[in-house]
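In the text below, chain A, chain B and the rest are named by the order of the sequence lines, each starting its count at 1. The analysis underlying the following values was restricted to heavy atoms, covering all of them including side chains, and did not include hydrogens, waters or symmetry mates.
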Protein chains: 2
Amino acid sequence: MAVVMDTRKGRILNAIIEDYIQTAQPVGSRTLEKKYFPSLSSATIRNEMSDLAELGYLLQPHVSAGRVPSHTALRRFAKDLLNGSFEDVKEEQQTRDYLYARRGQTDDLMPAAAQVLSELTSLTAIVMMPGRREQKISRVQLIALNRGQALLVLVTDSGETSQTVIRVTDRLDSDGLYAISKALTEKLSGQTLGDVRKMLDYYRQSGAEGQVLDGIAALAGRIEKQSAGETVVLGGRHNILNYPEYADITKARDFLSVLEENEQMLSVMRKTSNGFSVLIGDEIGVPGTEDCALISTSFGVAGGHRGTVNIIGPARMPYARVLSTMRLVSGILTELMGGNE
Amino acid sequence: MAVVMDTRKGRILNAIIEDYIQTAQPVGSRTLEKKYFPSLSSATIRNEMSDLAELGYLLQPHVSAGRVPSHTALRRFAKDLLNGSFEDVKEEQQTRDYLYARRGQTDDLMPAAAQVLSELTSLTAIVMMPGRREQKISRVQLIALNRGQALLVLVTDSGETSQTVIRVTDRLDSDGLYAISKALTEKLSGQTLGDVRKMLDYYRQSGAEGQVLDGIAALAGRIEKQSAGETVVLGGRHNILNYPEYADITKARDFLSVLEENEQMLSVMRKTSNGFSVLIGDEIGVPGTEDCALISTSFGVAGGHRGTVNIIGPARMPYARVLSTMRLVSGILTELMGGNE
DNA sequence: TGTTAGCACTCTCGACCGTCGAGTGCTAAT
DNA sequence: ATTAGCACTCGACGGTCGAGAGTGCTAACA
């Protein structure tokens, strides 16, 4: 008679998965009897486990070890969680405040997001920000500091800002700087960052505001480099040291080197569209990640692009916590980057 | 007859140290003969090594392994390097540019410095910034962004800036914001950050610029928290995974946890005054760092305080490279933070 | 027909050798 | 003072063995 999945098998499988996620140890029939099913005997549980193994949900590392949930089983488990409702992340308000404080400062925000994700999940987080369409300058402003220095702030039409300190002549007071700011804004606003560089040569011949122009050029270059190209930020790399599956240092090192700017890995993550993608084991398709799970979701960015938020770690990970944390953070990022969910 | 140090012994000791720093393996007399002293026989070298051991410069992990330089020997070696001239760090210009781009943005600069240090040395870097005297506001400026938002920039009298995005009413154009900025600057400049918060309650009753004031309060709080208290930034934590002395994952973990906000560790680093401090092994005096070397130096900050720059790693580290990299970075930090060397 | 006790069987893990090789220390010769 | 030669020491490595954990199967039972 064909073996079929029934409720009790499901409950036993879930118990095995939970225990295994916690302990990283193969779980045996006696453990299950004591911890989860005192009303059943270990022999009965053994029979069910044998059926589950036949169905492909359990593996045994070797004959006299307990059973380990297969990747198939973990997939089932994670997908089930996806359909259910998400629990709230306790640290929600704190997280929101932390990230909102970095609104508009994309180069601060991405690392902060990666850090929050990795801290809340104890795993490794990867945040990818797509290259955005060419940005235009919407405003240039100089702010007086002391000692002949000024802060140059560049605002783009998508609301991102970037700043740097430059030297200016001592003669300029606050009003003078404001006048220059207005003039520069007038000249430059609406120009793309690329155009600005070309224009600068022309102005530079007038000799007047040399340092200011150099500053703008440098800053424009920086924003360009950072917004035209895709940005990839990692957080919590060394969290994996706490997982017994990486007790072997060479494994840990290999894992880390797979992460660092691995084009194959990035292209997998880029594929994520709305909603969650849960890839376990071979599904990831990147050599060296056979024992990993990669959870991805995306966030919206003004202009219709989408960035992605990713968590990677051992296939045995606290999926519930990971999913809800990621939903929280990607939601906040969408809000902050002015995109649509 | 008493054993004394002579030139040949010195040369042999240096060869042992260099080889050991490279390979992390005990070095034997035959290796020395082949790699460094083909004109001597291994037996002669053995005799010298035996003398060096008697002098306390060499240890043998066990009788049939090679010799390992003792901490005393490493100290001698490092101190010698200190007295000699420093080689230039090849990446000097790059490093300088990288850090200068963050001038005035202390919260960006510290992590950047730690990162540069750790990348150039392949070790772990710790940068400490002392709490500074209470700062005063020297300027407040609002810059229009799109969609009823503005960038609020706060400049302190020491030239540090900090910014955040706030909401403002749509009616305000650039000139309006400038007018408000001037008014706010007039009212607030010269006030300490602490005072500002108190004042805000008074203004808030007038109801006029609620969001702006909230923004200032938040920002003032942030700068305060960050400049009043000492800041500690780590870089390159996971570099240690590449060292065989941390091949055991629990050692690596222990090392990392000693680093994280360890008050004992910090107080050792705070003791650094001008010049370099080289602590090896027990000299550090922090449990768990018995096999480490801690190199510290300081940089000047406006107002006469000093921050510190530290590299920590296995006692066997490339001292020459570490020392010159640290001198470069601490020099740049002094320039950027407006302190005196 | 589902559940359970009992038992033989399998496989890993740690402890316990014995061998091998690297490296030393000593002695005697140069 | 230097060196060749040799005995000696100790860790690394590989193999063997017993203990323990956990399974699969069978037979009894509700």
Side-chain angles (χ1 to χ4, degrees), chain A residues 1-13 15-16 19-20 23-70 244-245 247-248, chain B residues 1-13 15-17 19-20 23-70 244-245 247-248 250:
Chain A
M1 199 180 77
V3 178
V4 289
M5 194 75 182
D6 60 19
T7 8
R8 193 171 70 181
K9 284 192 185 45
R11 283 179 50 224
I12 290 182
L13 181 54
I16 295 176
D19 203 76
Y20 179 69
T23 65
Q25 296 293 326
V27 13
S29 53
R30 258 188 74 77
T31 313
L32 284 169
E33 179 190 349
K34 279 187 287 188
K35 274 175 77 173
Y36 300 91
F37 303 99
S39 62
L40 296 178
S41 83
S42 65
T44 309
I45 297 177
R46 269 205 296 285
N47 287 332
E48 297 285 43
M49 285 169 84
S50 158
D51 289 352
L52 286 167
E54 196 178 322
L55 288 166
Y57 290 130
L58 293 182
L59 305 171
Q60 14 189 357
H62 57 88
V63 62
S64 80
R67 297 300 220 298
V68 163
S70 67
E245 26 276 87
D248 181 356
Chain B
M1 197 177 80
V3 179
V4 289
M5 194 76 182
D6 60 18
T7 8
R8 195 171 66 180
K9 283 193 186 41
R11 284 179 49 224
I12 291 182
L13 181 55
I16 295 177
I17 293 177
D19 203 77
Y20 180 70
T23 65
Q25 296 294 325
V27 12
S29 53
R30 256 188 75 75
T31 313
L32 284 169
E33 179 191 350
K34 280 187 288 188
K35 274 175 76 173
Y36 301 92
F37 303 99
S39 61
L40 296 178
S41 82
S42 64
T44 309
I45 297 177
R46 270 205 295 285
N47 287 331
E48 297 286 42
M49 285 169 84
S50 159
D51 289 353
L52 286 167
E54 196 177 322
L55 288 166
Y57 291 129
L58 293 182
L59 305 172
Q60 15 188 2
H62 56 88
V63 63
S64 79
R67 297 302 220 296
V68 164
S70 67
E245 26 277 87
D248 182 355
T250 63

When the distance from [atom1] of [X] to [atom2] of [N] is rounded to whole Å, what number comes out?
X	N	atom1	atom2	result
A:D51	C:dG2	CG	C1'	12 Å
B:L32	D:dT3	CG	P	14 Å
A:E54	D:dG24	CD	P	11 Å
A:N47	C:dG6	CG	C1'	14 Å
B:E33	D:dA4	CD	C1'	12 Å
B:Q25	C:dA22	CD	C1'	12 Å
A:I16	D:dT23	CD1	C1'	13 Å
B:L58	C:dG23	CG	C1'	14 Å

[X] side chain, from C-beta outward: closest of [options]:
X	options	result
B:S29	C:dT24, C:dG21, C:dC11	C:dT24
B:S50	C:dG25, D:dT3, C:dT3	C:dG25
A:V63	D:dG24, C:dT3, C:dT10	C:dT10
A:S41	D:dT23, D:dG24, C:dT4	C:dT4
A:L40	C:dT24, C:dT4, D:dT23	C:dT4
A:R46	D:dT23, C:dC11, C:dT4	D:dT23
A:R67	D:dT3, D:dG24, D:dT2	D:dG24
B:H62	D:dA21, D:dC10, D:dT3	D:dC10

Query raised in the report: Within the structure shown, what part of the strands sits under 4.0 Å from B:S42 by heavy-atom distance: base, sugar-phosphate, or nothing?
Result: nothing
Query raised in the report: When you check the phosphate oxygens OP1 and OP2 of C:dT4, does a side-chain N or O of A:R30 lie under 4.0 Å from one of them?
Result: no
Query raised in the report: Does B:Q60 have a side-chain nitrogen or oxygen under 4.0 Å from the phosphate oxygens OP1 or OP2 of D:dC10?
Result: no
Would you say that [X] contacts [Y] through its side chain, given a criterion of any heavy-atom pair below 4.5 Å between the two side chains?
X	Y	result
A:R67	A:L52	no
A:T44	A:F37	no
A:Y36	A:I45	no

Query raised in the report: Okay, side chain of A:S29, backbone of A:R46: is any donor-acceptor separation there less than 3.5 Å?
Result: no
**Report entry** Value rounded to 0.5 Å, distance of CD in B:E48 from CD1 in B:I16
**Finding:** 10.0 Å
Query - Nearest-nucleotide comparison on DNA chain D, the residue closer to the 5′ end among B:I45 and B:S64 - result: B:I45
